[in-house]
Amino acid sequence: MAADPDASLAFHASAPGAGAEGYVLLLERGDAPGRVRCRRWESPDYTAAAVERVEAADALRAAVRRQARAGWRFTLPPDRILAWLEGDPRP
């Protein structure tokens, strides 16, 4: 069986400014509606072990919206991240 390409989403986010904080986030569908499994690597040590947890999709959507308004940069368009978190893998 082929892997579902929409089962996960990964992106990098960085705060505005030189040398600012950032993170890499790997999201996977959770085992319950509205839940997302997250693996997060944070600057300045992206080689450290990821922090793993399950979060509410609405909390992650709020964080992405807040960071986008504050000028954070994302390797994926924020709208695509938000759509994936709402269950629409291909906006």
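Numbering starts at 1 and runs along the sequence shown. What you are looking at is a predicted structure, and each value in this text was computed from that prediction instead of being measured.
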Asks: Please name all residues satisfying side chain to side chain donor-acceptor pair (under 3.5 Å) with Arg73, sequence neighbours left out, ordered by chain then number.
Replies: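 Once residues adjacent in sequence are excluded, the partners of Arg73 under the side chain to side chain donor-acceptor pair (under 3.5 Å) criterion are Ser14.
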Asks: For Leu85, is there any backbone N or O sitting under 3.5 Å from a side-chain donor or acceptor partner on Arg61?
Replies: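 Between the backbone of Leu85 and the side chain of Arg61 there is a qualifying donor-acceptor contact (under 3.5 Å).
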Asks: Does Trp84 have Arg29 sitting over its ring (NZ/CZ under 6.0 Å from centre, angle to axis within 45°)?
Replies: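 Yes, cation above the ring, under 6.0 Å and within 45°.
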Asks: For Cys38 and Leu60, run side chain to side chain contact (heavy atoms under 4.5 Å, CB included): C-alpha distance rounded to whole Å, both residues' side-chain angles, the deciding distance at 0.1 Å, then the answer.
Replies: CA-CA 10 Å; Cys38 306; Leu60 290 168; 3.7 Å; yes
Asks: Let me confirm one number: the CG-OG distance from Leu26 to Ser8, rounded to the nearest 0.5 Å.
Replies: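 Between atom CG of Leu26 and atom OG of Ser8 there are 5.5 Å.
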Asks: Show me the pairs that pass side-chain hydrogen bond (donor to acceptor under 3.5 Å, both in side chains) and involve residues 45-54, at least two apart or across chains.
Replies: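 Only His12-Tyr46, Arg37-Glu52, Asp45-Thr47, Arg53-Glu55 qualify under side-chain hydrogen bond (donor to acceptor under 3.5 Å, both in side chains).
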Asks: If you measure from OH on Tyr23 to CZ on Arg40, what distance do you get to the nearest 0.5 Å?
Replies: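 Result: 5.5 Å between the selected atoms.
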Asks: Work out which heavy atom in Glu28 is nearest to a heavy atom in Val36; give both atom names and the distance.
Replies: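 Smallest interatomic distance, heavy atoms only, reads O-CG1, 3.4 Å.
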Asks: Quick check on the hydrophobic clustering: are Leu76 and Val24 connected, directly or via other members, by side-chain heavy-atom contacts under 4.5 Å?
Replies: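 Result: no, two separate clusters.
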Asks: So how far is it from Arg65 CZ to Gln67 CD, rounded to the nearest 0.5 Å?
Replies: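 Nearest 0.5 Å value for the CZ-CD distance: 12.5 Å.
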Asks: For Ala20, give me all partners under side-chain contact (heavy atoms from CB on, under 4.5 Å), at least two apart in sequence or on another chain.
Replies: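 With neighbours one apart ignored, the set is Ala15.
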Asks: Could you tell me which residues satisfy side-chain contact (heavy atoms from CB on, under 4.5 Å) with Ala68, sequence neighbours excluded, listed by chain and number?
Replies: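 Partners of Ala68 by the side-chain contact (heavy atoms from CB on, under 4.5 Å) criterion, ordered by chain and then number, come out as Phe74, Pro78.
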Asks: Please name the pair of heavy atoms, one in Ile81 and one in Leu9, separated by the smallest distance, quoted to 0.1 Å.
Replies: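 Reported closest heavy-atom pair: CA-CD2, 3.9 Å.
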Asks: Output all residues satisfying ring-ring contact (aromatic ring centres under 6.0 Å, His included) with Trp41, sequence neighbours left out; order by chain, then residue number.
Replies: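 Applying ring-ring contact (aromatic ring centres under 6.0 Å, His included) to Trp41 gives none.
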Asks: Who are the side-chain contact (heavy atoms from CB on, under 4.5 Å) partners of Ala56, not counting sequence neighbours?
Replies: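 With neighbours one apart ignored, the set is Arg35, Asp58, Ala59.
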Asks: Between Trp72 and Pro16, is any pair of side-chain heavy atoms under 4.5 Å apart?
Replies: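 Answer yes - side chains close enough.
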